Amino acid sequence: MSRATTDERRTRRPGRVYVTTVRRVRRITPRMARLTLYGDELSVFSSQGSDQHVALYFYEPGVELPRPFTAEAARALLPVAQPRLRRYTIRSHRPELGEVDMDFVLHGPRQLASGWAERVRPGDEVIWFGPSPAYPLTPLTDWTLLLGDETALPAIGAILEELPPGHRVLAVIEVAGQEEEQPLPSRADATVTWLHRHDRDHGDLLRDHALSLALPPGSGRVWGGAERTVVRTLRHHFVHGLGLDRADTHLTAYWTKGETQDSEV
Ligand SMILES: Cc1cc2nc3c(=O)[nH]c(=O)nc-3n(C[C@H](O)[C@H](O)[C@H](O)COP(=O)(O)OP(=O)(O)OC[C@H]3O[C@@H](n4cnc5c(N)ncnc54)[C@H](O)[C@@H]3O)c2cc1C
């Protein structure tokens, strides 16, 4: 069994339904909204660290939800009302305040989650299930490579905050333009490269940059999140082209061009 699999099993805990309320909404960049959610249950939220994500539940307007709303209640409601699910990352968790932050890329007011995140206000209810098991950061290899577009920025930010002092990290992040860059604090020895898409297609710059990267010497791990076709190319490159162990290559399709996430969940 690989090291990563052993660690993943160690950190796996069952998810549950959380019923939370929006406490704050702010634009951290022109196209990224940070929502702070609170709820009594978040003081005991079982944080998995790093890139843990949750599934937000979106019911049709007018659906009356049973209270208290639990996973069992959601299951019982299925014949009448099915939620549409959207995956989002826990950017940070403050148990002492019963708060979590989630960051939403604003890619279109008519899209389900993105449009909702543009309109949401303090006091609105947010229901979600999770968290997923997180990416295991230990045991450490000599270096870590983080690759992503803006949807992966919350996970990359969380991973950078967790990696220990002195650990060598290369992060390559594609965003729409310079105005979409954000501070990414880290105690690690991190070099962050921002790629500005401007009018190029989503993921082209990230893919081209990643394919031409010279990896540092020693053992390493690659983590990435981006559009599906980009992720497929990167996975092929690192596993088949460069011969990295699959267990050390954690690349996830975060969204699919031309398709809603309904088809994937
Ligand atoms: C594990 C995981 C963690 C994720 N974490 C985050 C996160 O923390 N923050 C975040 O913003 N996203 C995150 N995503 C991505 C997010 O779930 C998708 O972007 C999702 O499709 C957004 O839902 P929607 O309802 O806005 O759009 P959908 O209804 O799913 O899609 C509508 C249309 O928009 C397009 N589209 C979807 N996303 C984008 C995009 N970013 N840019 C341009 N076009 C897009 C689709 O191709 C489709 O044509 C994560 C995904 C995964 C799998």
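Just so you know, ligand 1 is whichever comes first in the structure, and atom 1 is the first atom listed for that ligand. All of these numbers come straight from a predicted model, not from anything done at the bench. Just the heavy atoms: all of them, side chains too, but no hydrogens, waters or symmetry mates, feed the values below.
- Using a 4.0 Å cut-off between charged nitrogen and carboxylate oxygen, Arg110 and Glu118 do not count as a salt-bridge pair.
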For ligand 1, what N or O to protein N or O distances fall under 3.5 Å?
unit_1, atom_1, unit_2, atom_2, d
ligand 1, 5 (N), Thr89, N, 3.4
ligand 1, 5 (N), Thr89, OG1, 2.9
ligand 1, 8 (O), Thr89, N, 3.0
ligand 1, 8 (O), Thr89, OG1, 3.2
ligand 1, 9 (N), Asp103, O, 2.8
ligand 1, 11 (O), Val105, N, 2.8
ligand 1, 14 (N), Arg87, O, 3.4
ligand 1, 17 (O), Arg87, O, 2.8
ligand 1, 17 (O), Gln261, NE2, 2.7
ligand 1, 23 (O), Arg86, NE, 3.3
ligand 1, 25 (O), Arg86, NE, 2.7
ligand 1, 25 (O), Leu112, N, 3.4
ligand 1, 25 (O), Ala113, N, 2.8
ligand 1, 26 (O), His107, NE2, 2.7
ligand 1, 26 (O), Ser114, N, 3.0
ligand 1, 29 (O), Arg86, NH2, 3.0
ligand 1, 30 (O), Arg86, NE, 3.4
ligand 1, 30 (O), Gln261, N, 2.8
ligand 1, 47 (O), Thr256, O, 2.6
ligand 1, 47 (O), Gly258, N, 3.0
ligand 1, 47 (O), Glu259, O, 3.4

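- Salt-bridge formation is detected for the pair Glu180/Arg31: a Lys NZ or Arg NE/NH1/NH2 atom is positioned less than 4.0 Å from an Asp or Glu carboxylate oxygen.
- Gly130 approaches Tyr18 most closely through the heavy-atom pair O-CE1, 3.6 Å.
- Of the residues Tyr57, Phe69, Phe45, Tyr88, the one that meets the ring pair (Phe, Tyr, Trp, His ring centres under 6.0 Å) test with Trp128 is Phe45.
- Here the shortest heavy-atom pairing between Pro30 and Leu106 reads O-CD1, 4.3 Å.
- Side-chain atoms of Asp149 and Trp255 form a donor-acceptor pair, as typed in the model, at a separation below 3.5 Å.
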